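These notes concern the structure reproduced below.
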Amino acid sequence: MEPHFQSERAQLPRNMIENSMFEEEPDVVDLAKEPRLHPLEPDEVEYEPHSSRLLVRGLGEHDLEDDEEDYESSARLLGMSFMNRSSNHRNNMSEAYNREASGGPCSVPSARTVLVGAFVVVIILSIAMVVYFLPKCTFTKEGCHKKNTTLTFVYPLATNGQVFPWPKIRLSNAVVPIHYDLALHPNLTTMNFTGFVQISLQVNEDTNNITLHSVGLRITKATITPEATSQPKDVQVLEYPPHQQIAVKLNPVLSRGEKYILNLEYSANLSDNFSGFYKSSYQDKNKKRILAATQFEPFAARNAFPCFDEPAFKATFSIKITRDADHISLSNMQKDTTTPVDNGLYQDTFIESVNMSTYLVAFIVADLKNVSQATASGTLVSVYAVPDKMDQLHYALDTAVKLLKFYEGYFNISYPLQKLDLVAIPDFEAGAMENWGLITFREIALLYREETASILDKQIVTMVIAHELAHQWFGNLVTMEWWNDLWLNEGFATFMEYFSLEKIFPELQVGDRFLHTRFRAMEKDSMNLSHPLSTPVKTDEQIEEMFDSISYEKGASILLMLKNFLTETVFQQGIVRYLNEHQYGNAKNEDLWNSIAKVKSIDLNMKEMMKTWTLQTGFPVVTVKLDTTANKIHLSQERFLRISILQDPSSSPDSSYLWHIPLTYITSSCSNYSQPKCIKTWLLKNKTDTIDLKEPNVTWVKFNLNMSGYYIVHYEENTSKELIGLLKNNHLALSPQDRADFINNAFMLASAGKISVRKALSVTEYMKNESSTAPITETLLQLRHIYRLVQKRGMLLLAARMKKYIFDIFGGLIDQQTWSNNGSLSERQLRSILLDLACDYNYGNCVRDANELFTKWKDAKDFSLQPSDLTTTICSVGARNVEGWKFILEMYHYLQSAAEKRKILMAMAKSNNAQHLIWLMYESLQHGVIRTQELPSILAASSRSLVGYLFAWDFVKENWDNLVKKFHLGSFSIQIIIIETTSQFSTKSHLSEVQTFFDSLTDKSSQLRTVQEALEIIRLNIQWMDKNLKNLEMWL
Ligand SMILES: [Zn+2]
């Protein structure tokens, strides 16, 4: 899956740390206000300024209730693994605990029995305590977690009051699915569907129950057919909604080695949100058209059919779909036959699938149109969209065909299906989803029209297609065994999207974007609450939260580092081996390292090295000291952590962290970074180390070339001075990516308190000479972030000085920009960033020029705003008055290009008019003119502005219940909403306000990792302000 993009620059939260030495009057929010009603028209919004007091509710308590926790703790306490015990034993235990749970009659034991029993229990408990606590404390870095331990296994009760036969969230391996025959009939008028599934089962262990997943399905008939007799027998289905499971209890027990078919008939409603089997709609000429599509990852297949909905339960699928004559149906495999059935309907039958996980199953019923092309190896590639957008499909088709060919060659494994469909769905939460053979996309991530698209639109469409096609191997062919190793799917797909583009679309210059991906990953990963790439997960919310920057961006970053360490050839051989060894199966983290290690000539240190990157939280900072006298480089490493003192006064980086870091560096004596002979390597495996330089008179060193390693470098005072001097005198001695890296590292180090903010700012002083996109983008991100925080603390004079500094540096470069689409991608991207900055801050003639272009657009008849790279900038100026804003909204109705719509929507969301912002938020929430899928981006954009950020937070509080209904708790949409609407806060009042809000909720929100991250970001902001504001004032 690919998360959706938030803006042209795809900024996930960049949460630097913030502000003030003084107790400033904080920004304040009036929590007592009533929720606003959704207005019909933007102008009808009633603007109510925020009051001047912050009202803080009392802190709430949240209960950590979790039956599963209790159950697992109990099992550990008894020193046994329930899952591994024989089914007979389990059945006996089950009966015993059922009796206890139901409080049934029992005989009275003798006193002696009681005494002996008590003694035995004490002994068992003592041993178990030792077993339980010792390893936990000895082998984990996270310390010992206090668990609520109990000796009682509690089997839950099903909805009908009977005992449900399976107590765990994860399913048993006793019975596993082999094949599903699934027949569905969605009715797009009544918005419900009926289904019939026949699941062929294999019994691995004797058992008295079959437990599988199902949620929201009304099961109307259930039978089981033993393969031996072929005689179906009615069975009762029990439901346990908290675990989204159903179960069939059987007597006599199913025996190991036998095969059965479980037959279930059911009905359900099409889903109202973006997951399961859900409905979507669009306007076709004058008619509203409905379609139904699926989104199952990570665990919503169970909303469409009863199934064993875990990635390791792979099976084959034969799917039939009944539809109207004016719809088509699509599924993973190609259609085999179409048969007329009753009432003028047709049933499409698809051929049997390959062995695959449930989350990759997909089907669509709609009236979509397509273009198709066969690849040289015989796969039929088709791109589908709603009929009015047929003219936007050809770029995706051409790109998909090229990428499929590239991957088949690179992985040396043919794409195994006969067809590959790429489908744009009007309502879609993610960017795209890699369903095998039927990839679904948000329209903006697939459709492309040259005339109205910006250069970055093309880059994004190409990257998303590359990501999803890579998944056809990484994820679909070889699947992670459980969601704890999601990074094996997402890290690889993210890495391959950059890698493949560099190989076959070099003109799209993805290098800078990948660099910023690494910066972003490290920003999140430098927080106390980060997690290892491979992290245990159990609950739905924990699984949802794995779809984060760590799995995607850190995953991709460490693969880049590994590729450079191994060489490109060995890396490729290793992953080809991994895919071959695990195809159609599942894999774990260590399987990847084992496969790569088998490639000839690989240093076995690789496995040890990669464990330090995947099993430890965070990443290292390497301190570098160049000793020019002795001609040595002294190195040391520790975990890089931005510590929040307010949170934990005693916290400091844990000294037990150690990484095996493949260092790269150049020195002044051979400084040509494009010459391989100048690039030196060093594997730092210890806390400290020393490099003896062979070449004499080295005056400077630069480590982590092109920032291709996942670590930060802290140059000791004199070593750093030399590099800053080099930037001032001859910045071209370092590559653009190295310059961006040096700037990024300086601000990161300042945020961790390792250097002063003045020193970090001094690195930007050379910027007047800079013209490359990567270092300029990074500098602007850092400076604008500080600017926004200062501005939101109401320190307008300081903000003005900050703004002046920004234009002192970049004014000359901005003055050189023209309003055009000319140049390379990098030049066009830079122009777009600089002019956006200039107009936002009313610099020079930007607003005047943009207004002229906006007026020209309004008066034009062809409705194509040019230059298309600058659509958002031009419209954001046009939207500054009510008339212009209304015109843009009209155009939003009218335009057919998803990319163009998106750009003008983002311009509207930059408005300085509070009524307009609030209208956008509610209109999107209610799925009006603006689709709900746009809401996270609208909130993110509003949160960046001084006018909008408090309203955005108010909106989140007032509509929280609705938000988590539309987007699941823990989903990346919710992650974005929480982080973006709170990361602008830098006062204790706001910290308390955010904490109080989440604590007051009765759902599991306060337990989300994202909520804890949001709180940590605010603490870090407060700390940064306390520490650096004075320095900033002095420096400016
Ligand atoms: Zn993905």
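Each ligand, and each atom within it, is numbered from 1 in the order the structure gives. Treat the numbers as computed from the prediction; the structure is a model and nothing was measured.
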Partner residues of Tyr410 under the ring-ring contact (aromatic ring centres under 6.0 Å, His included) criterion, sequence neighbours left out | Phe406, Phe499

Under 3.5 Å, is there a donor-acceptor pair between the [X] and [Y] side chains?
X	Y	result
Asn476	Gln472	yes
Tyr180	Thr358	no
Tyr278	Asp427	no

With Asn435, which of Thr440, Thr294, Asp421 fulfils side chain to side chain donor-acceptor pair (under 3.5 Å)?
->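 Answer to the side chain to side chain donor-acceptor pair (under 3.5 Å) test with Asn435 among Thr440, Thr294, Asp421: Thr440.
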
So which protein N/O/S atoms does the Zn ion (ligand 1) have within less than 2.8 Å?
-> Met1 N, Met1 O, His467 NE2, His471 NE2, Glu490 OE1

Using the benzene-type ring in the case of Trp, are the ring centres of Phe571 and Phe495 under 6.0 Å apart?
->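 Centroid distance Phe571-Phe495: below 6.0 Å, so yes.
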
